[in-house]
Enquirer: 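Dropping a structure here in structure tokens format, bear with me for questions.
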There are 2 protein chains.
Amino acid sequence: MSLKYALLGFLNYESMTGYQLKKYFDESVGGFWNASLSQIYPTLNSMYEEGVVTSEEVQLDSLNKKIYSITAKGKEELLKWLEEPTEIQPLRSTLLLKLYFSSNISKEIVISQFESLIKQSRLKLEIYEKGIEHLRKEHLSTGYMKQEALYWNLTADYGVKHQEAFIKWCEECILKLKNAEKDAEGRVTFEDNNY
Amino acid sequence: MSLKYALLGFLNYESMTGYQLKKYFDESVGGFWNASLSQIYPTLNSMYEEGVVTSEEVQLDSLNKKIYSITAKGKEELLKWLEEPTEIQPLRSTLLLKLYFSSNISKEIVISQFESLIKQSRLKLEIYEKGIEHLRKEHLSTGYMKQEALYWNLTADYGVKHQEAFIKWCEECILKLKNAEKDAEGRVTFEDNNY
DNA sequence: ACTATCATGTAAGTAGTTACATGATTTG
DNA sequence: CAAATCATGTAACTACTTACATGATAGT
């Protein structure tokens, strides 16, 4: 249940509504975590019952809003969670699963799938890099790096490195598939090949 | 619902029981997909109702077993799934989420967390590399690469590349955190710092 | 005798998605 | 005046995990 801690993390910056929290999510950690409003609202409710947040119903701009704030207990739990050692989470990749069984289909299709993945990945990379550039400029102008920005940069870095490694791997896969095609001629017997 | 297709993929190699499927999982795609028996059995049942597998109850080695086989419809669905273009799945990382908020705790703790992650990751890498070495030797002796082995190698490759990139990133994070510590002296004001 | 492995499940709970429901306010 | 945005939720469903239940066989 990381969502709870993510919400506590944002509320630790400032008090806000569930709707605003959703926006914070999308604009900051959206690259590696996302949450829907239909998940955020019930979670905030159970967090209220737990006593890690308080809520205040107000009428602002003639709209009914529920502004949530972190409590002392909430801060305590957030810090405890942050200090806990992190175990590396196991991979769970549909893509690799599919690839594992791809000897059943033609190499041409697999290669075109990789080409499409590379395109998608390059787009993502561009978006990441623009975001980082934005962060960098903002903090260069202030003359020093905020404590928070240091960590934000580390997560952004991961996104870039991860995406670059992925593209490289895709390119190598294409090469290996093309080479295997040549090697295979007259050497490999194709039983049960559907193509 | 990738589990269904994974099960079809294995049953396409040969007919077997749910228990054996679990073993296949762990020993082949365990690095990027895992399934528990309590998930496999009900899924096989619903697949039977769908008509993508048949089952035969037999008594082998004086044990009651249900041997599942893939049907023509099952093969069709497997191929269709394999040929479908794959979208890149969004990241979902508790680790990055935690790091994002880590300005709230001391740098020393974060650094030691990274050091622990590197250790865990190196262990994983060793296991991967041994598995690949094993595959390589097995197929060198046969003189050529089986169609399947080509794809198995690509997935194993991903595991290695991913893990290596991760370790590199961790190491860079540690360096950046240590440098920031030096830079910060006398320049950054620490408000609300709990340490 | 006991422990591990083989073998098949059910039941309850968690995390998250998708669809639905409602209504106000703001912007083009 | 229509569409987008602000704002809060419920209900149903999916995928998966954890705990429980049962019983046979094989090896130490």
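A note on names: the letters A, B, ... follow the listed sequences, proteins ahead of strands, and every chain is numbered from 1. Since this is a predicted model, take the numbers as computed values, not measurements.
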Enquirer: Any carboxylate oxygen within less than 4.0 angstrom of a Lys/Arg side-chain nitrogen, looking at Glu115(B) and Arg122(B)?
Expert: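 Between Arg122(B) and Glu115(B) there is no salt bridge, as every charged N stays at least 4.0 Å from the carboxylate O atoms.
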Enquirer: Strictly under 6.0 Å, is that where the ring centroids of Trp169(A) and Phe114(A) end up?
Expert: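 Yes, the ring centres sit under 6.0 Å apart.
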Enquirer: In the 5'-to-3' direction, what one-character label does each nucleotide of nucleotides 15-21 of chain D receive under the scheme B = base within less than 4.0 Å of a protein heavy atom, S = sugar-phosphate only, - = no such atom?
Expert: SSBBB--
Enquirer: Under 3.5 Å between N/O atoms: give me all the protein pairs with nucleotides 4-8 of chain D, atom names plus distance.
Expert:
| residue | atom | partner | partner atom | Å |
| --- | --- | --- | --- | --- |
| dC6(D) | OP1 | Lys23(A) | NZ | 2.9 |
| dC6(D) | OP2 | Tyr19(A) | OH | 2.9 |
| dC6(D) | OP2 | Lys23(A) | NZ | 3.4 |
| dA7(D) | OP1 | Lys65(A) | NZ | 2.0 |
| dT8(D) | OP1 | Lys66(A) | N | 2.9 |
| dT8(D) | OP2 | Tyr19(A) | N | 3.2 |
| dT8(D) | OP2 | Tyr41(A) | OH | 2.9 |

Enquirer: Strictly below 4.0 Å, N to O, side chains only: are Arg136(B) and Glu133(B) in salt-bridge contact?
Expert: yes
Enquirer: Starting from C1' on dG9(D), measure out to NZ on Lys22(A) and report it in whole angstrom.
Expert: 15 Å
Enquirer: Ile40(B) has an atom CD1; how far is it from atom C1' of dC6(C), in whole Å?
Expert: 14 Å
Enquirer: Taking the side chain as every heavy atom from C-beta outward, state whether Met16(A) and Tyr68(A) have any atom pair closer than 4.5 Å.
Expert: no
Enquirer: Tell me if the centroids of the rings in Phe10(B) and Phe25(B) come within less than 6.0 Å of each other.
Expert: yes
Enquirer: Is the shortest side-chain N to carboxylate O distance from Glu77(A) to Lys4(A) below 4.0 Å?
Expert: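 So Glu77(A) pairs with Lys4(A) through a salt bridge.
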Enquirer: What is the separation between atom CD on Glu27(B) and atom C1' on dT5(C), rounded to the nearest whole Å?
Expert: 13 Å
Enquirer: Nearest whole angstrom, please: distance from the P of dG16(C) to the CG of Leu7(A).
Expert: 11 Å
Enquirer: Separation of Asn45(A) atom CG from dA15(C) atom C1', in whole Å?
Expert: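 Atom CG in Asn45(A) sits about 17 Å away from atom C1' in dA15(C).
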Enquirer: Distance-only, no hydrogens or angles: does the Asp26(A) side chain make a donor-acceptor pair with backbone N or O of Lys23(A) under 3.5 Å?
Expert: no
Enquirer: Does atom NZ (Lys22(B)) have a neighbourhood of more than 12 heavy atoms from anything else shown, all under 6.0 Å?
Expert: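 Atom NZ in Lys22(B) is packed in, count exceeds 12.
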Enquirer: Within this structure, what is the CD-to-P distance between Gln89(B) and dG16(C), rounded to whole angstrom?
Expert: 16 Å
